[in-house]
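Worksheet: one structure, shown below.
Proteins come first, then strands; the chains are lettered A, B, ... in the order of their sequence lines, and each starts at number 1.
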Amino acid sequence: MTEPPPPARDPEDDVVVPLFRTWRRAYLFIVAFFVVQVVLYTLLTRAAS
Amino acid sequence: VSAIDYLVMLGTLLAIAGYGIWRTRRDQGLQSYLRGDDSIRWGTIGLSVMATQASAITFLSTPGQAFASGMAFVQNYFGMPFAIIVICAFFIPIYRRLRVYTAYEFLGQRFDTKTRMLGAALFLIQRGMAAGITIYAPAIILSTILGWRFDLTVLLTGIVVIAYTVSGGTKAVSLTQRYQMGIIFLGMVVAFFLIIAKLPENVSLQDAVSIAGTMGKMEVIDFKLDFSERYNLWSGLLGGFFLSLAYFGTDQSQVQRYLAGNSAVESRFGLLFNAAVKIPMQFFILFTGVLVFVFYQFEKPPIFFNEPAWQAALASGEGDAFRALEEEFDHIFGAKRAALEELGHARAAGNSEAIAGLREAVASLDAESDALRERTRAALLVLDPKTNVKDSDYVFITFILTYLPHGVIGLLVAVMIAAAMSSTASELNALGTTTTVDFYRKLINPDDSDEHTVKMSRLFTAGWGLLALAFAFFASLVENLIEAVNILGSIFYPVILGIFLVAFFLRWVRGTAVFFAALASQGLVLWLYFNEVVGYLWFNLIGCVVVILLAMILQLFRPQRGRWSVEG
């Protein structure tokens, strides 16, 4: 709208990701956390039936 | 509901709304009003995204859903973490780099004005109607069960939301959602521990899980690929993925939440917080419902949870027949409780043969009880075809009102209303912003000053709020609310998602091709809906795939102009 045109390369591309260092590792953490949950829910389902 | 409950409820809700207005009381610029400002960090974004998704129905219906059908519903959210990763990796960098206010503004830059208008219009139609239902759904349940006047409930909730959303814009919405989520977490944790405390003394948490398991309520995961089963791992992963991709990636009420704040790091962390926390949270809410179910194995539940509707049935000419059903229900309940107590003794004694026999007896009595409830619902429908027989929505609130102490009741009713308000605020905020940015500023008055544009945005937000209120008043014609919202979503989402997927991943396809593909696909989905050709969940796949395929085919017959890139 009234803002200047975007720069060709966003400085955010080079930002260091807190906690995980890279976004790839952050995404891997989410996937791993999901897998752990599925394992736990499976064990719970088996234990309760 | 006592005076102390009203004090807790009104105090909490009004304090949060007042805080939102107070913190944003100074005149705001356009950027701050529409997108929030740099003070919004990832924690607030994360809670804001969560509060937008969690409506009152989440807290009213989800425990009831677990009461009726067990924990399997949690699988519906399994696709969400993966969709969020795709959004963080592909959507956010481009939204951020193009500095858009709305997701549809991106369509304008990627394709052309007509595709942007189409995306924005589809969003306005769908979200505009859904906003009415977001207010209506809790109002009808709370007014029925608490004896409040429905019109006043809708009006008061609606006016408070409109007040702080119009006054403070995106920043007020995000700030209030942080505290609304705080109240929601607090309320649900208090309820959870109180339910555990209400279980009989000789029933531990482990026993409760085992009892629920005996009656088939603890089947969290189902690995079988069965298209007739509503919830299993595969439908949750696949269906949940596309639904979440459409919702978090293209719905302005969510996009606006994570574009608040000053960097892509905050946006991504806010969303990833949801990717991590949402499934455990849904698990926790469902598990609370399962505990209510176990509680009602020892304390007699009503045969039908919508008490006013049940009393009306008893007072009707068919009253005797309903009383007979209730007696039969009481009889089964007594037998089941006795069997459960024996099962407890057998467990303590370690008598595995008795345990197996008693588990079978309990499961069979539970099935009998379910069948009787089903017969009751059918009889209620015969008596009055307009009765909403899905009484699982009333289970949790009935439990709260009957067994929890005063003060906590007020807190939990505040949880439901806070959830309704937080979702509605995001919706109105997004509807107002989209109308301003994609229509007013683009088509009607492109040279308007920022100051006047903020005024117009306030006006549009208030207008959408009033429309949502009007819709809520007339929504009683819709029988099943969650279903109505899902159907609405399934009609419009897939086409919008198709447009965005083409935008992000098929960069050689241009505006005209995707525009006509989207129109054709929307026409097809509406035709499928009105002619009842397939179940509505299939629209999500069909609508999206048709846009993508048709856009590719149409583009092949049009002059090629190279690939689109952010730099243009």
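The environment of CZ in B/Arg347 is crowded: more than 12 heavy-atom neighbours from other residues, nucleotides or ligands sit within 6.0 Å.
Of all heavy-atom pairs spanning A/Leu44 and B/Met218, the tightest one is CD2-CE, 3.6 Å. Across every non-hydrogen atom of B/Glu219 and A/Thr45, the tightest pair is CA-CG2, 3.7 Å. Across B/Ile221 and A/Tyr41, no two heavy atoms sit closer than the pair CG1-CB, 3.5 Å.
Residue B/Pro280 touches chain A through both its backbone and its side chain, counting heavy-atom pairs closer than 4.5 Å. Proximity to chain B (any heavy atom under 4.5 Å) is restricted, for A/Phe34, to the side chain, taken from C-beta onward. B/Ala212 does not touch chain A: none of its heavy atoms, backbone or side chain, sits under 4.5 Å away. Of the atoms belonging to B/Leu237, it is side-chain heavy atoms, and not backbone ones, that fall under 4.5 Å from chain A. The contact between A/Phe33 and chain B is made entirely by side chain atoms (from C-beta outward), counting heavy-atom distances below 4.5 Å. With a 4.5 angstrom heavy-atom cutoff, B/Phe78 touches chain A via backbone and side-chain atoms both.
Taking the side chain as every heavy atom from C-beta outward, A/Val31 and B/Ile85 approach each other to under 4.5 Å. Side-chain contact between A/Trp23 and B/Leu272 is present, with heavy atoms from C-beta onward closer than 4.5 Å. Residues A/Tyr27 and B/Phe82 have side chains not in contact (no heavy-atom distance under 4.5 Å, counting atoms from C-beta outward).
A distance-only check finds no donor-acceptor pair linking the side chain of B/Ser210 to the backbone of A/Ala48 [under 3.5 Å].
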